Enquirer: 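I'd like to ask some things about the structure below.
Here is how names work: the chains are called A, B, and so on, in the same order as the sequence lines, proteins then strands, and each is numbered from 1. Predicted, not measured: the structure shown is a model, and the values here were computed from it.
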Amino acid sequence: GAVVSQHPSWVICKSGTSVKIECRSLDFQATTMFWYRQFPKQSLMLMATSNEGSKATYEQGVEKDKFLINHASLTLSTLTVTSAHPEDSSFYICSAYRDGDTQYFGPGTRLTVL
Amino acid sequence: TQLLEQSPQFLSIQEGENLTVYCNSSSVFSSLQWYRQEPGEGPVLLVTVVTGGEVKKLKRLTFQFGDARKDSSLHITAAQPGDTGLYLCAGGRDDKIIFGKGTRLHILP
């Protein structure tokens with residue numbers, strides 16, 4: 001199977017700061033990556049679709065100015081949580097879509113905002 | 001509106017028992033996938049079903065896709081403690097994957 005990594009695996013930050021999370025496809029190129037958020041004991045909720053070289057497509061209810069997505073290369077997408085607040089604390093998971101195959105998920109990043 | 005309903009939400013059974021979990025929708029999906037997720041990790045794909053009526057087996061796990069491609073089931077035979085986890089079904093739609101809320105399974109030794 002394909003490998004997708006995320007960095008960092010966990011982060012703790014103070015309220016009001018910004019946090020960047022990286023998602024990398026290690027052994028394939030991904031024109032499309034997805035960002036999900038998962039609250040404790042709940043399912044994955046799609047936040048946005050990240051397209052290489054173009055703007056991300058956000059799901060309804062997700063603030064694009066708060067969750068900045070950049071997909072600058074075929075192997076890297078970043079999610080920046082700007083001015084984070086405690087309610088943004090969650091498990092953020094990315095996936096990368098390999099053409100003709102399926103999505104492969106990263107291991108997730110646990111964000112805790114104090 | 002939850003597009004994919006999973007049942008039961010929680011299930012705790014003894015090792016060696018059989019179980020079935022369900023994934024239902026009022027919508028047709030081009031494919032359905034089953035994932036298992038461990039705490040603090042990303043979901044891991046178990047199987048993808050694409051053809052109505054399709055049955056796939058993965059060792060003690062049997063997956064079935066409904067004839068109308070609106071529902072699916074996962075049957076585990078002789079459950080083991082290692083089967084404990086969150087089982088998520090997901091449907092493919094418009095190049096996106098939509099997840100159900102999951103079934104949290106706990107196998108007691």
Enquirer: Measure distances from A:Q6 to the heavy atoms of chain B and classify the residue's part below 4.5 Å as side chain, backbone, both or neither.
Expert: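 Looking at A:Q6, nothing touches chain B.
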Enquirer: Inspect the surroundings of NZ in B:K57 and state if more than 12 heavy atoms from other residues, nucleotides or ligands are less than 6.0 Å away.
Expert: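 It does not: B:K57 NZ has 12 such atoms or fewer within range.
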Enquirer: Is there a path of hydrophobic side-chain contacts, each under 4.5 Å between heavy atoms of I, L, V, M, F, W or Y residues, that connects B:I13 with B:V21?
Expert: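 Yes, one cluster joins them.
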Enquirer: Checking A:Y97 against chain B: side chain, backbone, both or neither under 4.5 Å from a heavy atom?
Expert: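 No part of A:Y97 comes within 4.5 Å of chain B.
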Enquirer: Are B:I97 and A:Y36 close enough that some pair of their side-chain heavy atoms sits under 4.5 Å apart?
Expert: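 Yes. Closest side-chain heavy atoms under 4.5 Å.
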Enquirer: Run the numbers on A:Q42 and B:K101 for side chain to side chain contact (heavy atoms under 4.5 Å, CB included), then give the verdict.
Expert: CA-CA 6 Å; A:Q42 295 189 25; B:K101 289 188 176 181; over 6 Å; no
Enquirer: Establish whether A:V113 and A:W35 are linked, either directly or via other cluster members, by ILVMFWY side-chain heavy-atom contacts under 4.5 Å.
Expert: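 Yes.
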Enquirer: Given side chain to side chain contact (heavy atoms under 4.5 Å, CB included), test B:I98 with A:L46 step by step and report yes or no.
Expert: CA-CA 7 Å; B:I98 300 183; A:L46 179 64; over 6 Å; no
Enquirer: Linking I/L/V/M/F/W/Y whenever any side-chain heavy atoms sit under 4.5 Å apart, do B:I76 and B:L58 land together?
Expert: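 Looking at the clustering, B:L58 is in the same group as B:I76.
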Enquirer: Verify, without hydrogens or angle tests, whether A:S43 (side chain) and B:G102 (backbone) share a donor-acceptor contact under 3.5 angstrom.
Expert: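 Not at all, since once roles are kept as given, no pair shorter than 3.5 Å links the two residues.
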Enquirer: So for A:T102, is it side chain, backbone, both, or neither that comes closer than 4.5 Å to the heavy atoms of chain B?
Expert: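 Only the side chain of A:T102 comes within 4.5 Å of chain B.
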Enquirer: Please find out if less than 6.0 Å separates the ring center of A:F105 from that of B:F99.
Expert: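 Under 6.0 Å, so yes.
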Enquirer: Answer yes or no: does atom CD of B:E17 have more than 12 heavy-atom neighbours from other residues, nucleotides or ligands under 6.0 Å?
Expert: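 More than 12 within 6.0 Å, yes.
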Enquirer: Does some side-chain heavy atom of B:Q37 sit less than 4.5 Å from a side-chain heavy atom of A:I93?
Expert: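 Side-chain contact under 4.5 Å: yes.
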Enquirer: Is it possible for you to say whether A:Y92 and A:I69 belong to one hydrophobic cluster, with membership spreading through side-chain heavy-atom contacts below 4.5 Å?
Expert: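 Same hydrophobic cluster.
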Enquirer: Looking at CD of A:Q103 and OG1 of B:T48, how far apart are the two atoms once the value is rounded to the nearest 0.5 Å?
Expert: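 If I round to the nearest 0.5 Å, the distance is 10.5 Å.
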Enquirer: Pick one of side chain, backbone, both or neither for B:Q33, based on which atoms fall under 4.5 Å of a heavy atom in chain A.
Expert: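 The answer is the side chain of B:Q33.
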Enquirer: Between A:G108, A:P107, A:S9, which shows the greatest number of heavy-atom pairs under 4.5 Å with chain B?
Expert: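 Among the listed options, the one with the most contacts to chain B is A:P107.
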Enquirer: Give the C-alpha distance, both sets of side-chain angles, the deciding distance and a yes or no for side chain to side chain contact (heavy atoms under 4.5 Å, CB included) between A:Y104 and B:L45.
Expert: CA-CA 8 Å; A:Y104 291 90; B:L45 179 66; 5.9 Å; no
Enquirer: Is A:Y58 linked to A:L79 within one hydrophobic cluster, defined over Ile, Leu, Val, Met, Phe, Trp and Tyr using a side-chain heavy-atom separation of less than 4.5 Å?
Expert: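 Same cluster.
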